[in-house]
Colleague: 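Here's a structure for you.
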Amino acid sequence: MKKKKLNCWDVKKCGRRTGGNLAKEIGTCPAATEKKLDGVHGGKNAGRACWVVAGTMCEGKPEGTYARSFTGCRLCDFYKAVKEKEGKHFMNSRELHKMLKG
């Protein structure tokens, strides 16, 4: 049986997933609701491509823009784990942005 791939909110325990304990207080994470990236790297919505979605958490605070957050995201343990796990199937940010715009 294939092991379920975890989404960022499962790993980071940010509480901002849909229905999460902090969703009402600080808002549902845009990665949890971004349907254009559903299935990317085996995740739900943008749960395994959160680094290309503006408004995701970075060091405990929502980031406003992709450009500002991605620098930090490249250092994130979750980003590194997805990149390593996906190997040659890892979709780069340019590809993911095309999907978001399309």
Side-chain angles (χ1 to χ4, degrees):
M1 180 182 226
K2 205 174 197 180
K3 187 177 177 185
K4 179 186 171 204
K5 294 182 178 181
L6 298 175
N7 293 294
C8 57
W9 52 84
D10 299 318
V11 174
K12 295 304 221 174
K13 310 251 187 268
C14 65
R16 292 184 69 209
R17 66 172 171 72
T18 304
N21 62 328
L22 293 178
K24 281 187 178 178
E25 184 181 330
I26 60 175
T28 301
C29 181
T33 59
E34 180 51 73
K35 295 184 184 314
K36 290 179 184 174
L37 298 178
D38 190 44
V40 168
H41 303 134
K44 178 176 170 78
N45 294 336
R48 289 182 62 84
C50 51
W51 51 89
V52 296
V53 180
T56 56
M57 296 292 268
C58 181
E59 296 180 10
K61 303 179 284 204
E63 283 292 333
T65 65
Y66 160 73
R68 232 175 103 202
S69 69
F70 186 65
T71 302
C73 291
R74 290 184 16 214
L75 303 174
C76 174
D77 56 343
F78 181 73
Y79 171 85
K80 289 177 183 178
V82 171
K83 187 173 182 177
E84 182 180 323
K85 176 81 174 166
E86 297 306 317
K88 68 180 181 175
H89 301 290
F90 182 77
M91 293 181 72
N92 69 42
S93 296
R94 182 170 282 131
E95 294 172 278
L96 295 170
H97 272 281
K98 284 181 185 177
M99 291 175 71
L100 283 173
K101 290 180 181 181

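Any value given below was found using the heavy atoms of this structure, including those in side chains, with hydrogens, waters and symmetry copies removed.
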Colleague: May I ask you to decide if the ring planes of Phe78 and Trp51 are parallel, tilted or perpendicular, using 30° and 60° as cut-offs?
Modeller: tilted
Colleague: What's the shortest heavy-atom distance between Asn21 and Gly15, and which atoms?
Modeller: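 For Asn21 and Gly15, the tightest heavy-atom pair comes out as OD1-CA, 3.1 Å.
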Colleague: Side chain to side chain donor-acceptor pair (under 3.5 Å) with Arg48: which residues, sequence neighbours excluded?
Modeller: Glu86
Colleague: Can you sort out the partners of Lys13 under side chain to side chain contact (heavy atoms under 4.5 Å, CB included), two or more places apart, ordered by chain and number?
Modeller: none
Colleague: Taking the side chain from Asn7 and the backbone from Trp9, do they hold a donor-acceptor pair closer than 3.5 Å?
Modeller: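 No, the answer is negative, given that no donor and acceptor are paired below the 3.5 Å cut-off.
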Colleague: For Lys44, what residues pass the side chain to side chain donor-acceptor pair (under 3.5 Å) criterion, not counting sequence neighbours?
Modeller: none
Colleague: Please round to the nearest 0.5 Å and tell me the distance separating atom NE2 of His97 and atom CE of Met91.
Modeller: 11.5 Å
Colleague: Is the side chain of Arg17 donor-acceptor paired with the backbone N or O of Cys29 at a distance under 3.5 Å, no angle test?
Modeller: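 No: the side chain of Arg17 does not pair with the backbone of Cys29.
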Colleague: Locate the shortest heavy-atom distance separating Gly19 from Ala23; write the atom from each residue and the value.
Modeller: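 Nearest heavy atoms, Gly19 then Ala23: N-CB, 4.4 Å.
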Colleague: Who passes side chain to side chain contact (heavy atoms under 4.5 Å, CB included) against Asp77, sequence neighbours left out?
Modeller: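 In terms of side chain to side chain contact (heavy atoms under 4.5 Å, CB included), with neighbours along the sequence ignored, Asp77 is linked to Lys12.
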Colleague: Run the side-chain donor-acceptor check on residues 31-38: report pairs under 3.5 Å with partners two or more places apart or on a different chain.
Modeller:
residue	atom	partner	partner atom	Å
Thr33	OG1	Pro30	O	3.3
Glu34	OE2	Lys36	N	3.1
Lys36	NZ	Leu100	O	2.9
Asp38	OD1	Asn45	N	2.7

Colleague: Mind checking the SG-OH spacing from Cys50 to Tyr79? Nearest 0.5 Å is all I need.
Modeller: 10.5 Å
